Amino acid sequence: MIRLTDTPFDPGDELTRFTATAAGSGAIVSFTGLVRGQSKGGAVQSLFLQAYSPLTERGIAQAAEEARTRWALTGLSILHRTGKMAPEDAIVFVATAAPHRRSAFEAADFLMDYLKTQAVFWKKEVTEAGDQWIEPRPEDYTDAARWAGPQES
Amino acid sequence: MAQLLFFGRLADLVDPPSQAVQLPGDIQDTLALRAWLDTRHATGGALQEKTVRIAINSEIVVDPAPITNADEIAFMPPVGGG
């Protein structure tokens with residue numbers, strides 16, 4: 001399931017729901033991203049995330065499809081916030097289910113790399129020092145490039 | 001009327017960031033549109049940057065792509081990650 005939402009969500013509830021749908025799988029991996037409280041500009045007051053529907057959803061769906069092609073997954077869930085958030089709010093939740101742990105770990109990692117570097121979101125950080133639009137860090141691109149090599153099974 | 005959308009930092013430069021515009025007859029592709037809007041909104045070249053991609057009806061296109069007055073045209077600076 002892929003969903004964008006502008007209302008807060010509880011990662012624990014999401015994991016419980018996902019686990020219920022993934023019955024019979026041997027492994028579930030979940031990742032939750034939180035809004036950081038500190039940035040280069042100092043204390044973060046809020047974070048604003050903008051998407052462009054349906055382009056954003058379509059790109060995420062393609063990445064999910066690629067994950068399903070590369071790894072033997074039995075389930076997959078991606079939930080992403082948009083709009084205005086506060087520090088410590090959950091911004092992204094990714095969960096994968098597979099017969100064995102390695103596929104679940106790697107698929108979740110792959111999906112997060114997509115979301116950090118290629119997903120169609122624009123992000124504005126509001127700090128004491130002012131507003132700033134944020135672009136991916138160099139290490140985010142390096143992380144994402146790991147998946148360009150030979151496909152794993 | 002073409003529907004124009006400006007995302008990310010471009011939304012701070014173009015007011016309003018979502019607008020319906022009657023395109024002049026001589027603006028028939030994305031390159032001409034970039035130049036015309038850059039002047040119209042005094043965005044100092046921001047709309048002509050190569051890293052600013054354009055989507056027509058939510059499909060990313062390569063310059064110069066043909067445009068019509070019925071299109072939704074989005075200006076998209078590099079994405080910021082989730």
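Values reported hereafter were calculated over all heavy atoms of this structure, with side chains retained and with hydrogens, waters and symmetry mates removed. Quick caveat: nothing in here was measured; it's all calculated off a predicted structure.
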- Query: Are more than 12 heavy atoms from other residues, nucleotides or ligands located less than 6.0 Å from atom CD of B:Gln22?
  - Reply: yes

- Closest non-hydrogen atoms of B:Val79 and A:Thr117, given as atom of the first, atom of the second and distance, are CG2-O, 3.5 Å

- Query: Nearest heavy-atom pair of A:Trp122 and B:Met76: which atoms, and what distance?
  - Reply: CZ2-CB, 3.4 Å

- Message: Counting only non-hydrogen atoms closer than 4.5 Å, does A:Arg81 touch chain B with its backbone (N, CA, C, O), its side chain (CB onward), both, or neither?
- Response: neither

- Query: Quick one: CG on B:Asp12 to CG on A:Asp131, what's the gap to the nearest 0.5 Å?
  - Reply: 7.5 Å

- Counting only heavy atoms not in A:Arg102, do more than 12 sit closer than 6.0 Å to its CZ atom? no

- Message: Could you check whether atom CZ of A:Phe105 has more than 12 heavy atoms from other residues, nucleotides or ligands sitting under 6.0 Å from it?
- Response: no

- Item | side-chain contact (heavy atoms from CB on, under 4.5 Å) evaluation trace for A:Gln132 with B:Arg9 | CA-CA 9 Å; A:Gln132 195 189 355; B:Arg9 61 183 157 84; over 6 Å; no

- Message: Hydrophobic cluster membership, with links at side-chain heavy-atom distances under 4.5 Å among I/L/V/M/F/W/Y: are A:Leu55 and B:Ile67 in one?
- Response: no

- Query: Nearest heavy-atom pair of A:Tyr52 and B:Leu5: which atoms, and what distance?
  - Reply: CE1-CD1, 3.6 Å

- Item | hydrophobic_cluster_shared for B:Leu37 and B:Ile73, side chain cutoff 4.5 Å | yes

- Is there a side-chain contact between A:Val120 and B:Phe7 (heavy atoms, below 4.5 Å)? no

- Task: Give a yes or no on this: more than 12 heavy atoms of other residues, nucleotides or ligands lie within 6.0 Å of atom CZ of B:Arg34.
- Result: yes

